[in-house]
Amino acid sequence: QVQLVESGGGLVQAGGSLRLSCAASGRTFSTYRMGWFRQAPGKERAFVAFINWSSGSTVYADSVKGRFTISRDNAKDTMYLQMSTLKPEDTAVYYCAAALATYYSSSSIQWNYWGQGTQVTVSS
């Protein structure tokens, strides 16, 4: 059973930075894709970033491209989301996700495992 635990959320002013972490356990993740989604109040869960655990290839949502960086530490089975130049519209609960597949997908229904979420609030 895959377990994902996020940490690193909080309150930050616009223009600031935060780094989210996702500690993964329960499997060897070389054949998994990993990613981040977010859900703002009253909105659907939205794709943020994807990483192929084995190759390290990445894909970003247009809204965060150039500001967010997804990465992973294979030795620690931990994924990160470095968020910079944060905007109030980035405010959401951020979820770590995983799936037994390596191809890119931005559809939340194609991801099998989810963390509990961590709140990110950006004040103006």
Side-chain angles (χ1 to χ4, degrees):
Q1 181 72 13
V2 173
Q3 292 186 324
L4 305 172
V5 179
E6 304 101 332
S7 61
L11 173 64
V12 64
Q13 288 189 332
S17 299
L18 277 176
R19 188 177 81 157
L20 305 183
S21 299
C22 173
S25 62
R27 289 288 187 272
T28 300
F29 292 96
S30 60
T31 57
Y32 279 70
R33 62 168 177 248
M34 303 285 289
W36 292 95
F37 286 73
R38 66 186 181 186
Q39 189 165 17
K43 295 188 176 181
E44 293 187 353
R45 193 166 296 188
F47 168 75
V48 174
F50 153 92
I51 188 166
N52 178 302
W53 193 268
S54 179
S55 69
S57 61
T58 59
V59 179
Y60 296 92
D62 287 344
S63 59
V64 307
K65 203 172 294 183
R67 299 188 299 122
F68 291 11
T69 302
I70 189 172
S71 63
R72 88 282 193 231
D73 184 329
N74 288 3
K76 296 181 179 180
D77 280 345
T78 300
M79 178 177 66
Y80 304 98
L81 186 69
Q82 178 66 48
M83 306 184 293
S84 303
T85 319
L86 283 161
K87 305 175 182 179
E89 51 263 44
D90 294 318
T91 294
V93 176
Y94 283 70
Y95 295 91
C96 170
L100 184 55
T102 56
Y103 58 87
Y104 160 70
S105 173
S106 63
S107 172
S108 61
I109 64 173
Q110 294 187 342
W111 294 74
N112 309 107
Y113 305 100
W114 295 88
Q116 81 286 356
T118 186
Q119 177 70 47
V120 172
T121 303
V122 184
S123 63
S124 58

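What you see is a predicted model, and the numbers here were worked out from it, not measured in a lab.
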Residue set satisfying side chain to side chain contact (heavy atoms under 4.5 Å, CB included) with Ala61, at least two apart, ordered chain then number -> Phe47, Ser63, Val64

Test of understanding: with side-chain hydrogen bond (donor to acceptor under 3.5 Å, both in side chains), list the residues that count as partners of [X], not counting sequence neighbours.
X: Arg67; answer: Asp90
X: Tyr94; answer: Arg38
X: Ser71; answer: none

Listed once per pair and sorted, the salt bridge (charged side-chain N to carboxylate O under 4.0 Å, His left out) pairs that draw on [range], sequence neighbours left out:
range: residues 69-86; answer: none
range: residues 41-53; answer: none
range: residues 6-23; answer: none

Disulfide bond (SG atoms under 2.5 Å apart) pairs touching residues 41-94, sequence neighbours excluded, are none

Residues 11-104 vs disulfide bond (SG atoms under 2.5 Å apart), sequence neighbours excluded, gives Cys22-Cys96

Taken to the nearest 0.5 Å, the spacing of Trp36 CH2 from Phe68 CZ works out to 11.0 Å

So CD of Gln82 and CD1 of Ile70: to nearest 0.5 Å the spacing works out to 12.5 Å

Contacts of Asp62 meeting salt bridge (Lys or Arg N to Asp or Glu O under 4.0 Å) (sequence neighbours excluded), chain-then-number -> Lys65

Name the atoms and distances for all side-chain donor-acceptor pairs under 3.5 Å in residues 117-124, with sequence neighbours left out.
{"residue": "Thr118", "atom": "OG1", "partner": "Gly9", "partner atom": "N", "Å": "3.2"}
{"residue": "Gln119", "atom": "NE2", "partner": "Ala92", "partner atom": "O", "Å": "3.4"}
{"residue": "Gln119", "atom": "NE2", "partner": "Thr121", "partner atom": "OG1", "Å": "3.3"}

Validation: residues 97-105 side-chain donor-acceptor distances under 3.5 Å, sequence neighbours left out:
{"residue": "Ser105", "atom": "OG", "partner": "Ser107", "partner atom": "N", "Å": "3.2"}
{"residue": "Ser105", "atom": "OG", "partner": "Gln110", "partner atom": "OE1", "Å": "2.5"}

